[in-house]
Amino acid sequence: MDEKLIFEKIGSHGVRAMVAEFYRLVPDDSILGPMYPKDDMQGAEDRLFHFMMFRLGGDQTYIEQRGHPRLRARHMPFSIGEKERDRWVELMHKAMVAAEIPEDVIEALNAFFFQVADFMRNQAEGSGIDFNPRA
Ligand code: HEM
């Protein structure tokens, strides 16, 4: 499903709802909770909301406020391996269900989120092998 179609189906209201549900789950999560800025959760929520709006062709606010996303570089301060990747994707899946995003959109976005989350990995977690050959 392409981005335009996703945005047509859920609108800015759907994007806001799923991001809000995600950030409702983050603080109490044993893996992700400690990584996020406790004193700026609203700011973090807004950054992800605007990024998704930009990514789905909704508007350009993210670029105006933050410039080029440079997501991999911006995630370097955080230690991200398979464990963190999988938890992020799992929490976002729960968030999309809670936000009542349609099943076909959930499927498409889930694949997108996994791909991006996998690209964020910067920790090999002891395997000693090339953990992110595309980086
Ligand atoms: C792989 C697991 C991930 C972890 C552990 C993680 C963690 C974080 C943390 C701790 C922040 C800082 C919060 C803030 O102050 O904004 C952040 C920022 C952000 N993350 Fe992630 N993230 C992950 C995956 C993703 C994915 C899959 C996406 C997008 C699909 C994403 C999009 C963003 C965006 C847009 C920001 C704000 C960047 C900016 O500063 O403008 N993250 N992430």
Side-chain angles (χ1 to χ4, degrees):
M1 193 185 307
D2 86 344
E3 282 109 37
K4 257 189 106 146
L5 190 56
I6 291 176
F7 192 66
E8 272 167 27
K9 286 196 177 210
I10 67 175
S12 59
H13 177 79
V15 179
R16 181 52 91 182
M18 69 187 218
V19 170
E21 289 292 346
F22 179 78
Y23 276 103
R24 205 171 54 77
L25 295 171
V26 163
D28 294 332
D29 185 82
S30 59
I31 296 174
L32 300 184
M35 301 174 80
Y36 283 81
K38 270 190 198 17
D39 56 351
D40 189 24
M41 289 304 273
Q42 189 57 50
E45 182 179 324
D46 287 344
R47 284 184 281 278
L48 185 59
F49 168 70
H50 289 303
F51 172 77
M52 288 309 296
M53 287 293 289
F54 156 66
R55 198 60 191 65
L56 296 176
D59 67 37
Q60 296 285 317
T61 307
Y62 181 85
I63 302 297
E64 284 156 22
Q65 292 182 348
R66 309 289 295 163
H68 188 283
R70 299 185 299 110
L71 280 195
R72 201 177 140 75
R74 281 188 164 133
H75 285 77
M76 277 302 173
F78 315 112
S79 176
I80 302 179
E82 287 181 6
K83 198 166 56 118
E84 290 76 15
R85 173 198 68 189
D86 291 347
R87 184 60 64 85
W88 199 102
V89 172
E90 184 190 332
L91 240 59
M92 185 53 90
H93 186 267
K94 281 189 185 154
M96 290 191 286
V97 172
E100 298 182 352
I101 301 300
E103 190 55 46
D104 55 347
V105 174
I106 290 183
E107 223 172 274
L109 284 179
N110 207 50
F112 165 74
F113 286 134
F114 182 85
Q115 209 175 13
V116 177
D118 193 50
F119 190 58
M120 294 305 133
R121 284 190 297 132
N122 50 31
Q123 293 297 313
E125 283 167 4
S127 70
I129 55 164
D130 192 0
F131 60 93
N132 196 345
R134 286 169 297 124

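Position 1 is the first residue of the sequence, and the numbers go up from there. All figures in this text were calculated on a predicted structure; none of them were measured in a lab.
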Task: Euclidean distance, Asp29 CG relative to Tyr36 OH, rounded to 0.5 Å - done: 9.5 Å

Open item on the list: Determine whether a donor-acceptor pair (N or O, by modelled atom type, separation under 3.5 Å) exists between the side chain of Arg72 and the backbone of Phe119.
Closed with: yes

Open item on the list: Would you compute the distance between atom CZ of Arg16 and atom CD of Glu45 and round it to the nearest 0.5 angstrom?
Closed with: 5.5 Å

Task: Residue list, side-chain contact (heavy atoms from CB on, under 4.5 Å) with Glu100, at least two apart or on another chain - done: none

- [ ] Look up atom CE in Met41 and atom CG in Asp46, then write down how far apart they are to the nearest 0.5 Å.
- [x] 11.5 Å

Task: Heavy-atom side-chain contact between Arg24 and Val19 under 4.5 Å - done: no

TODO: Evaluate the criterion side-chain contact (heavy atoms from CB on, under 4.5 Å) for residue pair Lys9 and Asp104; output intermediate values, then yes/no.
DONE: CA-CA 10 Å; Lys9 286 196 177 210; Asp104 55 347; 2.5 Å; yes

- [ ] Quick one: closest heavy-atom pair of Phe114 and Val89, and the distance?
- [x] CA-CG2, 3.8 Å

TODO: Indicate yes or no: at least one non-hydrogen side-chain atom of Arg47 is less than 4.5 angstrom from one of Asp40.
DONE: yes

TODO: Identify the heavy atoms of Leu48 and Phe22 that sit nearest to each other, and give their distance.
DONE: CD2-CD2, 4.0 Å

Open item on the list: side-chain contact (heavy atoms from CB on, under 4.5 Å) for Met120 and Trp88? Distances and angles first, verdict last.
Closed with: CA-CA 11 Å; Met120 294 305 133; Trp88 199 102; over 6 Å; no

Open item on the list: Ignoring hydrogens, what is the shortest heavy-atom contact between Ile101 and Val105? Give both atom names and the distance.
Closed with: CG2-CG1, 3.5 Å

Open item on the list: Applying side-chain contact (heavy atoms from CB on, under 4.5 Å) to Thr61 and Met53, what does each step give before you reach the verdict?
Closed with: CA-CA 8 Å; Thr61 307; Met53 287 293 289; over 6 Å; no

Task: side-chain contact (heavy atoms from CB on, under 4.5 Å), paired with Leu109, selected from Met1, Met92, Met52 - done: Met52

Open item on the list: Could you tell me if Arg66 sits above the aromatic ring of Phe51, with its cationic atom closer than 6.0 Å to the ring centre and no more than 45 degrees from the axis?
Closed with: no

Open item on the list: Once rounded to the nearest 0.5 Å, what's the spacing between atom CZ of Phe7 and atom CG of Asp59?
Closed with: 7.0 Å

Task: Considering all heavy atoms, the nearest Tyr62-His50 contact - done: CB-O, 3.4 Å

- [ ] Mind listing the closest non-hydrogen atom pair of Ala95 and Leu25 along with its distance?
- [x] N-CD1, 4.2 Å

Open item on the list: Could you report the tightest heavy-atom contact between Pro69 and Arg74, atom names first, then the distance?
Closed with: O-NH1, 2.9 Å

TODO: Drop me the distance from Asp86's CG to Leu91's CG, to the nearest 0.5 angstrom.
DONE: 12.0 Å

Task: Side-chain ion pair, Lys94 and Glu21, N-O less than 4.0 Å - done: no

Atom pairs and distances, side-chain donor-acceptor, residues 76-85, under 3.5 Å, sequence neighbours left out:
residue : atom : partner : partner atom : Å
Glu84   : OE1  : Gly81   : N            : 2.8
Arg85   : NH1  : Asp118  : OD1          : 2.6

